[in-house]
Structures are given as structure tokens and as C-alpha cells.
Amino acid sequence: MSSAGNVMMTIVADTCGRHDTLGGACAAESNMVRYALEKRYMHACRQSFLKAIVEWEHGMDKRDITSNINFFMNVPVTPEGELNFEDGVSAPGKYVELRAEMDVLALISNCPQLNNPCNAYNPTPIEVLIWDGQDN
Ligand SMILES: [Zn+2]
């Protein structure tokens, strides 16, 4: 959903079934709070997204970035209401298929979250395929 409440993309297929919509993208601020003050200058997805839209040079700024989805990330909510970052439940070949409902700029970060032990500190490659709906 856009920040204006418009449907941007629809999930039309999902072979994993577990994704995080609450944890957000890692940021310099969250890395400092979650891990340590000296983590401020490590990789942070939020800063990568901001850099990408600025370099794209279409007049976008941070207000144009809507909430992200952490595909394949397993973050259950505890009975106390806390987020628990656990090992993923995806596997090679698992996929999510999205249909764009409007023109969208999709920003992707295969986060190398160096502080989080999920996946044994070993993020694995992703593959992105894009089809033009006019040809299907
Ligand atoms: Zn990240």
C-alpha cells in the first residue's frame, strides 16, 4: 500500500508463506539501539533506499518511501508484544510473485545484517525476475 492508501502491488503467489511486515528496514538508528552505538556507520537498508531514490533523480525524497516488507524473514510477535527475530523458514527455490497495480519503483536490499545471527550470519543470493504484463 502507498502512504496514500493506494494498492501498489499484490502478492499473487508465495511458496514461503512467512514474511515480516512489522520490523521495517534496518537503519543507522535501529542498529545503534538494537546492537551498539558504534554500529551507526555499518550498512543500513534505510540509508541504501534513500541513496537510491536520490540518485534516481526524479524528485523523490524519504516521504516517497512506504513501509517495506522483509520477504522470507521470520519475525514472530511474542505474547508480550515483542518482535522476535528468528531463523528464516525459506529455502532455495522459494519465491514470492507480485503484480504491480500501478507504476512502482521497487527498492530491494538483500540485507547483510551483520549483527543478527539469523541464517548463521550468512545471507544468500536472491534472484529477481520482472515480466512486462503487456506480453503475458
Ligand atoms: Zn537491512
Side-chain angles (χ1 to χ4, degrees):
M1 302 289 287
S2 73
S3 55
N6 297 309
V7 177
M8 299 173 72
M9 300 183 92
T10 301
I11 295 174
V12 295
D14 178 5
T15 62
C16 180
R18 186 83 180 173
H19 312 284
D20 169 49
T21 59
L22 297 173
C26 68
E29 296 83 359
S30 63
N31 284 340
M32 287 189 303
V33 169
R34 189 176 296 151
Y35 303 109
L37 289 177
E38 60 268 20
K39 305 296 184 180
R40 178 182 182 137
Y41 302 103
M42 294 183 82
H43 160 89
C45 292
R46 180 80 179 162
Q47 280 68 26
S48 295
F49 294 156
L50 291 169
K51 183 175 183 286
I53 63 168
V54 167
E55 290 178 353
W56 195 48
E57 297 181 346
H58 281 68
M60 298 177 84
D61 65 25
K62 62 183 176 184
R63 292 187 187 120
D64 296 304
I65 299 177
T66 190
S67 300
N68 67 290
I69 298 173
N70 294 314
F71 286 118
F72 309 110
M73 194 161 174
N74 183 17
V75 186
V77 179
T78 68
E80 296 76 30
E82 296 176 345
L83 299 179
N84 210 11
F85 294 82
E86 296 187 358
D87 281 343
V89 295
S90 65
K94 298 280 187 179
Y95 66 89
V96 177
E97 186 174 338
L98 303 164
R99 181 182 60 235
E101 306 293 355
M102 63 170 59
D103 289 343
V104 296
L105 172 64
L107 300 173
I108 300 171
S109 177
N110 190 15
C111 183
Q113 188 43 266
L114 303 170
N115 305 298
N116 186 328
C118 71
N119 297 330
Y121 299 100
N122 183 30
T124 52
I126 62 171
E127 181 179 22
V128 177
L129 304 173
I130 300 172
W131 291 271
D132 180 349
Q134 301 304 316
D135 296 332
N136 294 331

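Given the structure is predicted, the values throughout are model-derived calculations rather than measurements. Counting starts at 1 for both ligands and their atoms, following the listed order. All heavy atoms count here, side chains included; hydrogens, waters and symmetry mates do not.
The hydrophobic clustering, which links ILVMFWY residues whose side-chain heavy atoms are closer than 4.5 Å, places Met9 and Ile11 together.
Under the side-chain hydrogen bond (donor to acceptor under 3.5 Å, both in side chains) criterion, Arg34 pairs with no residue at all, not counting sequence neighbours. Annotation: side-chain hydrogen bond (donor to acceptor under 3.5 Å, both in side chains) contacts of Asn70 (sequence neighbours excluded): Asp20, Asn68.
Taking 4.5 Å as the limit, some side-chain heavy atom of Val89 sits within range of a side-chain heavy atom of Cys16. Side chains of Met73 and Cys111 form no contact here, defined as non-hydrogen atoms less than 4.5 Å apart.
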Side chains of residues 48-55: which donor-acceptor pairs under 3.5 Å do they make with residues two or more places apart or in other chains?
unit_1 : atom_1 : unit_2 : atom_2 : d
Ser48  : OG     : Ala44  : O      : 3.4
Lys51  : NZ     : Glu55  : OE2    : 2.7

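Counting only protein atoms, the N, O or S atoms lying less than 2.8 Å from the Zn ion (ligand 1) are Cys26 SG, Cys45 SG, Cys111 SG, ordered by chain and residue number.
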